[in-house]
Amino acid sequence: DLEALEQEGREYIAHLDRRAGARKNAASLAEWAYTSNITEANEERRIQVQLELSKQEKQAWSETKMYRWQDFQDFSLRRMFKKYSQLGVAALPDDKYKLLMQCVSGMESNYATSKICDYKNTSKCDLALEPEITEIFAKSQDPEELKHAWVEWHRAAGARARQNFTQYVQLDNEAAKLNGFKDVADWWLSEYEVPDFEQQLAKLWEDVKPLYQQLHAYVRKRLRDKYGENVVSAKGPIPAHLLGNMWAQTWNNIESFTRPYPDKKEIDITKTMRDENYTPLKMFQMSDEFFRSLNLTAMPEKFWKNSIIEKPTDREIVCHASAWDFYDGEDFRIKMCTTVDMEHLRVVHHEMGHIQYYLQYRDMPVIFRAGANPGFHEAVGDTIALSVSSPKHLRRVGLISGDAEDEQTEINQLYKMGIDKIVFLPFAYVLDLFRYSVFRGTTTPDDYNCHYWRLRDELQGVEPPVNRTEEDFDAAAKYHVSADVEYARYYVSFIIQFQFHRALCQLAGEYVPEDLTKKLVDCDIYQSVNAGNALSNMLKMGSSKPWPDAMEALTGQRAMKADGLLEYFRPLHEWLQAENQRTGEYIGWEPSKMQYC
Ligand SMILES: C=C(C[SeH])C(=O)N1CCC[C@H]1C(=O)O
Ligand SMILES: [Zn+2]
């Protein structure tokens with residue numbers, strides 16, 4: 001009878017889950033060995049392990065088909081079978097699977113090992129993305145030097161990946177079809193489990209766009225004041241190389257010379273961190289202490305032993321920051337080429353947020369050890385970092401001193417947060433709108449770069465510093481495109497982290513709507529066990545329930561909404577509207593005059 005069959009299914013899936021844990025542990029160890037020591041041998045070994053594991057996955061997958069799990073009564077049991085009935089890229093025949101792995105691994109190692117020559121000293125050609133080129137974008141205010149670094153990096157890391165990328169699209173789409181999806185775009189979107197998710201992304205952009213346009217107009221004016229109208233036009237997009245970041249995804253490095261009230265005291269955290277001899281280890285210990293203050297879980301001893309938190313000098317590694325779960329309940333690691341600055345203090349919290357999520361759901365079945373949706377995993381650390389970057393908290397830890405908030409300081413603070421959080425949204429949206437169109441075939445290899453820049457121009461209002469052709473492939477100059485990492489997760493994270501932050505601040509008694517002494521921008525949930533327990537309850541769920549249930553558990557809302565973000569930035573939005581009115585700055589941008597199609 002069905003009851004007995006269901007009990008049989010329960011015993012089988014428990015056994016399968018344990019085997020899956022061992023498989024994922026082996027895969028993570030091989031992946032770690034390669035990305036923390038990029039050699040041909042380690043690349044070969046990683047692909048061998050993945051190939052071997054894919055055979056075991058196929059075997060397990062064929063076994064699950066023997067169960068009529070769709071008729072089971074137990075919700076969790078049905079959900080586990082449903083997830084195990086998804087084979088993934090292992091559905092490809094071995095030769096195509098191996099080819100796909102080689103394409104992605106080829107792009108990723110090209111990205112990780114790309115070097116460019118120095119602008120002035122043209123014989124010095126060992127500049128890597130981290131830390132050298134990142135430092136140029138953080139410090140240089142010479143448009144020609146920035147243009148050089150931008151062009152050379154996009155040649156080395158972007159154009160060189162075009163062939164591998166084209167083949168990866170072909171093979172990954174085949175894998176998608178073998179899993180019953182139309183293409184990889186639908187496969188990626190299925191991770192969010194709601195049928196109208198793509199429309200939800202578009203709605204969020206409509207909600208935030210007016211605020212972005214105001215911020216974009218203000219920044220364009222300040223950059224034109226600084227660089228002149230031959231470099232920055234009055235009504236066009238902003239040249240992408242002048243925004244302090246290789247991809248123009250965060251503009252925090254231009255804060256010092258564009259902030260609304262320049263005469264207010266400089267809050268240069270990076271300088272203070274260096275003056276106070278901060279080390280990468282101290283940054284990680286500070287973050288660990290913040291999580292413990294919320295009654296969350298301390299980093300286990302293996303974390304401190306196995307993590308790599310500084311760039312090694314004796315070998316090539318993938319420097320792009322990452323957090324790792326080895327699925328054995330005790331081995332969790334971060335790999336990051338940490339530099340002592342405010343940007344990396346935020347990234348440290350971002351990565352530690354991943355580890356905290358792993359720790360909170362480590363007693364779940366392996367198949368449920370994932371975020372409620374991929375955006376949740378990206379939002380945990382950033383939510384904590386919203387408290388850490390509040391003036392109240394920075395004062396608490398001695399990273400800024402002196403006077404309390406006044407109106408102008410608050411606008412400066414919101415501006416500093418806005419050029420990090422608001423400007424990121426169109427960047428993130430474009431990256432996967434572009435890739436959805438590539439996977440769907442509406443963008444073909446001979447218009448890859450044209451379509452990429454048309455989206456960047458129309459949605460983000462940035463343009464390339466020089467003309468582009470189809471010899472270029474600028475999208476792959478961004479890690480996640482070269483490494484086959486979906487990006488809508490960050491777009492989702494930058495929206496929901498404000499819903500999480502607002503809920504936690506209310507639980508911590510740090511935010512009371514309409515109470516001007518308890519404003520959202522001043523909220524710091526540090527040491528609030530009340531907030532920490534609520535966060536823990538949501539994180540423990542992992543992916544065992546559809547994400548609206550997890551969202552509701554923490555915030556009372558069941559949907560992604562921009563209202564948290566818009567409430568947080570409302571004073572800034574009002575200030576920007578008044579300021580752009582005062583200067584008469586054109587709101588929005590006309591199509592770029594640069595050639596890219
Ligand atoms: C820090 C990570 C590793 Se999950 C990252 O890739 N992030 C964090 C924010 C956006 C995105 C990026 O760097 O592009
Ligand atoms: Zn992340």
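For ligands, and for the atoms within them, numbers begin at 1 and follow the listed sequence.
- Side-chain atoms of T250 and N245 include no donor-acceptor pair closer than 3.5 Å.
- Side-chain contact annotation: Y168 with Q102, donor-acceptor N/O pair under 3.5 Å absent.
- R369 and D325 are not joined by a salt bridge, as no carboxylate oxygen comes within less than 4.0 angstrom of a charged side-chain nitrogen.
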Which N or O atoms of ligand 1 sit under 3.5 Å from a protein N or O, and how far apart is each pair?
{"unit_1": "ligand 1", "atom_1": "6 (O)", "unit_2": "H320", "atom_2": "NE2", "d": "2.7"}
{"unit_1": "ligand 1", "atom_1": "6 (O)", "unit_2": "H480", "atom_2": "NE2", "d": "2.8"}
{"unit_1": "ligand 1", "atom_1": "6 (O)", "unit_2": "Y490", "atom_2": "OH", "d": "3.3"}
{"unit_1": "ligand 1", "atom_1": "14 (O)", "unit_2": "Q249", "atom_2": "NE2", "d": "3.1"}
{"unit_1": "ligand 1", "atom_1": "14 (O)", "unit_2": "K478", "atom_2": "NZ", "d": "2.8"}
{"unit_1": "ligand 1", "atom_1": "14 (O)", "unit_2": "Y487", "atom_2": "OH", "d": "2.5"}

Under 3.5 Å donor-acceptor pairs involving side-chain atoms of residues 306-313, not counting sequence neighbours:
{"unit_1": "N306", "atom_1": "ND2", "unit_2": "D331", "atom_2": "OD1", "d": "3.2"}
{"unit_1": "S307", "atom_1": "OG", "unit_2": "F303", "atom_2": "O", "d": "2.8"}
{"unit_1": "S307", "atom_1": "OG", "unit_2": "I334", "atom_2": "N", "d": "3.0"}
{"unit_1": "K311", "atom_1": "NZ", "unit_2": "E130", "atom_2": "O", "d": "2.7"}

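- Listed by chain and number, the residues in a side-chain hydrogen bond (donor to acceptor under 3.5 Å, both in side chains) with T297 are Q360 (sequence neighbours excluded).
- For the residue pair N373 / E193, no side-chain donor-acceptor distance below 3.5 Å is found, with atom types taken as modelled.
- Of the candidates L566, L215, L414, I422 forms a side-chain contact (heavy atoms from CB on, under 4.5 Å) with just one, namely L215.
- Neighbouring protein atoms of the Zn ion (ligand 2) (N, O or S, distance under 2.8 Å, waters ignored): H350 NE2, H354 NE2, E378 OE1.
- Cation-pi geometry between R162 and Y448 is not met at under 6.0 angstrom from the ring centre and within 45 degrees of the axis.
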For this session: Start with the C-alpha gap between D432 and R435, add the side-chain angles, then the distance that decides, and say whether salt bridge (Lys or Arg N to Asp or Glu O under 4.0 Å) holds.
Result: CA-CA 5 Å; D432 275 1; R435 288 191 287 182; 2.8 Å; yes
